[in-house]
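If you read the sequence from its start, that first residue is 1, and numbering goes on from there.
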Amino acid sequence: MVCFFQRARRMLSLLSPKILVPSANPSPLLINHSRNYTAETRKSAFESNILRILRTEIQYQYDYAPPKQPEKEFNSFVIEDCPGEQWFRLRRKYGAEEDIKVEVTMFDGAVPASKSGESNDVRLHISLIVDVVKGEDGGVLQFICSAWPDSLEIQKVFMLKSRHLRARPYVGPDFVEMDDELQEAMREFLEERGLNGELAVFLHEYVTNKDKTELIRWMGNVKSFIEK
């Protein structure tokens, strides 16, 4: 009888499920695996949220504020856009000898629309570098200008010996310090070549549209990067 109970006890011990007691010192591999899994899960959730927001914003821009196809020409100027950049270029010829190149930034400043500063409205600013070139070695007359929503202002005038050499030219006086008649003559010089208030109005419209286009492009690039 005693032998029977001993055999029965051994059989029960073999058939009974074993209870695993966690080790007091778990394996470092298990700890790292758990941490990596948690980090990957958290990262995936963050990235999914960013992608959701980007897709929603891109769709909103296309549905409610879609950019227009950019203009290729304005009056006598040909427009050379630089996708993904914060600037673009205008070119034209004037007469038989002059080549005119205009480097244009996107919005790079603003001032209050009213002198009192009580209104939240602002006047946006665009910077221009105008190069008037005469022949291959005829030198460059360069104007630094500000384009406001309805006007074009000259800030500086440089005389460069070559279109390829821009090393520390004599900057001359500020435009506002020049003789009044000389200031007026310089303005007329640019206006004859199509650099006037009408161009300033067009540039603000163009940059507003480019700003939308570049925003959508930027969001698309960020989305593509996160999706990789």
Chemist: Quick one: does Q61's side chain get under 4.5 Å of E57's, heavy atoms only?
Modeler: yes

Chemist: Of all heavy-atom pairs between R92 and G194, which one has the smallest distance, and what is that distance?
Modeler: NH1-N, 4.0 Å

Chemist: Going through the distances and angles, do E80 and L90 end up as a side-chain contact (heavy atoms from CB on, under 4.5 Å)?
Modeler: CA-CA 6 Å; E80 301 172 0; L90 283 70; over 6 Å; no

Chemist: Any sub-3.5 Å donor-acceptor pair from Q155's side-chain atoms to F175's backbone N or O?
Modeler: no

Chemist: Look at the side-chain heavy atoms of Ile, Leu, Val, Met, Phe, Trp and Tyr, link any pair under 4.5 Å apart, and say whether M159 and M186 land in one connected group.
Modeler: yes

Chemist: Between L215 and I126, is there shared hydrophobic-cluster membership here, with clusters defined by ILVMFWY side-chain heavy atoms closer than 4.5 Å?
Modeler: no

Chemist: Let me confirm one number: the CG-CG distance from L141 to D131, rounded to the nearest 0.5 Å.
Modeler: 9.0 Å

Chemist: Please report the closest heavy-atom contact between V207 and M106, naming both atoms and the distance.
Modeler: CG1-CA, 3.7 Å

Chemist: State, to 0.1 Å, how close L124 and A110 come at their nearest heavy-atom pair, and which atoms those are.
Modeler: CD2-CB, 3.9 Å

Chemist: Taking the side chain as every heavy atom from C-beta outward, state whether V130 and L195 have any pair of such atoms under 4.5 Å apart.
Modeler: yes

Chemist: Please give me the minimum heavy-atom distance between Q142 and I144, naming the atom from each residue.
Modeler: OE1-CD1, 4.0 Å

Chemist: Whether R89 and E103 form a salt bridge (side-chain N of Lys/Arg under 4.0 Å from carboxylate O of Asp/Glu) is what I want to check.
Modeler: yes

Chemist: To the nearest 0.5 Å, tell me how far N49 CG sits from L54 CG.
Modeler: 9.5 Å

Chemist: Might you confirm whether atom CD of E181 has over 12 heavy atoms from other residues, nucleotides or ligands at distances under 6.0 Å?
Modeler: no

Chemist: Is a side-chain donor-acceptor pair under 3.5 Å present for Q59 with R55?
Modeler: no

Chemist: Heavy-atom distance under 4.5 Å between the side chains of W148 and V201, does that happen here?
Modeler: no

Chemist: If hydrophobic clusters are built by linking Ile, Leu, Val, Met, Phe, Trp and Tyr wherever their side-chain heavy atoms come under 4.5 Å apart, do M219 and F225 end up in the same one?
Modeler: yes

Chemist: In the single-linkage hydrophobic clustering (I, L, V, M, F, W, Y; side-chain heavy atoms under 4.5 Å), do I216 and W218 co-cluster?
Modeler: yes

Chemist: When you look at Q69 and N209, which way does the side-chain contact (heavy atoms from CB on, under 4.5 Å) test go after all the steps?
Modeler: CA-CA 9 Å; Q69 192 69 22; N209 188 65; over 6 Å; no

Chemist: Look up atom CG in L152 and atom CG in L203, then write down how far apart they are to the nearest 0.5 Å.
Modeler: 8.0 Å

Chemist: S146 and E153: side-chain donor and acceptor closer than 3.5 Å?
Modeler: no

Chemist: Check whether any side-chain heavy atom of C145 lies under 4.5 Å from a side-chain heavy atom of L190, and answer yes or no.
Modeler: yes

Chemist: Yes or no on side-chain contact (heavy atoms from CB on, under 4.5 Å) for V102 and I100, after CA distance, side-chain angles and deciding distance?
Modeler: CA-CA 7 Å; V102 187; I100 300 174; 4.2 Å; yes

Chemist: Quiz question: by atom type and distance under 3.5 Å, do the side chains of E191 and N196 form a donor-acceptor pair?
Modeler: no

Chemist: Taking the side chain as every heavy atom from C-beta outward, state whether V132 and F189 have any atom pair closer than 4.5 Å.
Modeler: yes

Chemist: Between D99 and R91 (salt bridge meaning N to carboxylate O under 4.0 Å), is one present in this structure?
Modeler: no

Chemist: Would you mind reporting whether Y206 and I79 have side-chain heavy atoms less than 4.5 Å apart?
Modeler: yes

Chemist: Between atom CG of D150 and atom CD of E198, what is the distance when rounded to the nearest 0.5 Å?
Modeler: 13.0 Å

Chemist: So E205 and E71, do their side chains get closer than 4.5 Å, heavy atoms only?
Modeler: no

Chemist: Between the main-chain N or O of A147 and the side-chain N or O of H204, is there a donor-acceptor pair closer than 3.5 Å?
Modeler: yes

Chemist: For the pair V122 and V111, evaluate side-chain contact (heavy atoms from CB on, under 4.5 Å) and give the outcome as yes or no after the intermediate values.
Modeler: CA-CA 5 Å; V122 297; V111 297; over 6 Å; no

Chemist: With a 4.5 Å cut-off on side-chain heavy-atom distances among I, L, V, M, F, W and Y, is there a chain of contacts connecting L199 to Y94?
Modeler: yes

Chemist: At what distance, to the nearest 0.5 angstrom, does CD1 of I50 lie from NZ of K223?
Modeler: 13.0 Å

Chemist: Near K68 NZ, under 6.0 Å, is it more than 12 heavy atoms from other residues, nucleotides or ligands?
Modeler: no

Chemist: Run the side-chain donor-acceptor check on residues 81-88: report pairs under 3.5 Å with partners two or more places apart or on a different chain.
Modeler:
residue : atom : partner : partner atom : Å
D81     : OD1  : K210    : NZ           : 2.9

Chemist: Can you tell if the side chain of I58 reaches within under 4.5 Å of the side chain of Y62, non-hydrogen atoms only?
Modeler: yes

Chemist: On a heavy-atom basis, which atom in K212 and which in P67 lie closest, and how many Å separate them?
Modeler: CB-CB, 4.1 Å

Chemist: For the side chain of N75 and the backbone of F77, is there at least one donor-acceptor N/O pair under 3.5 Å apart?
Modeler: no

Chemist: When rounded to the nearest 0.5 angstrom, what is the spacing between CZ in R187 and CD in Q183?
Modeler: 5.0 Å

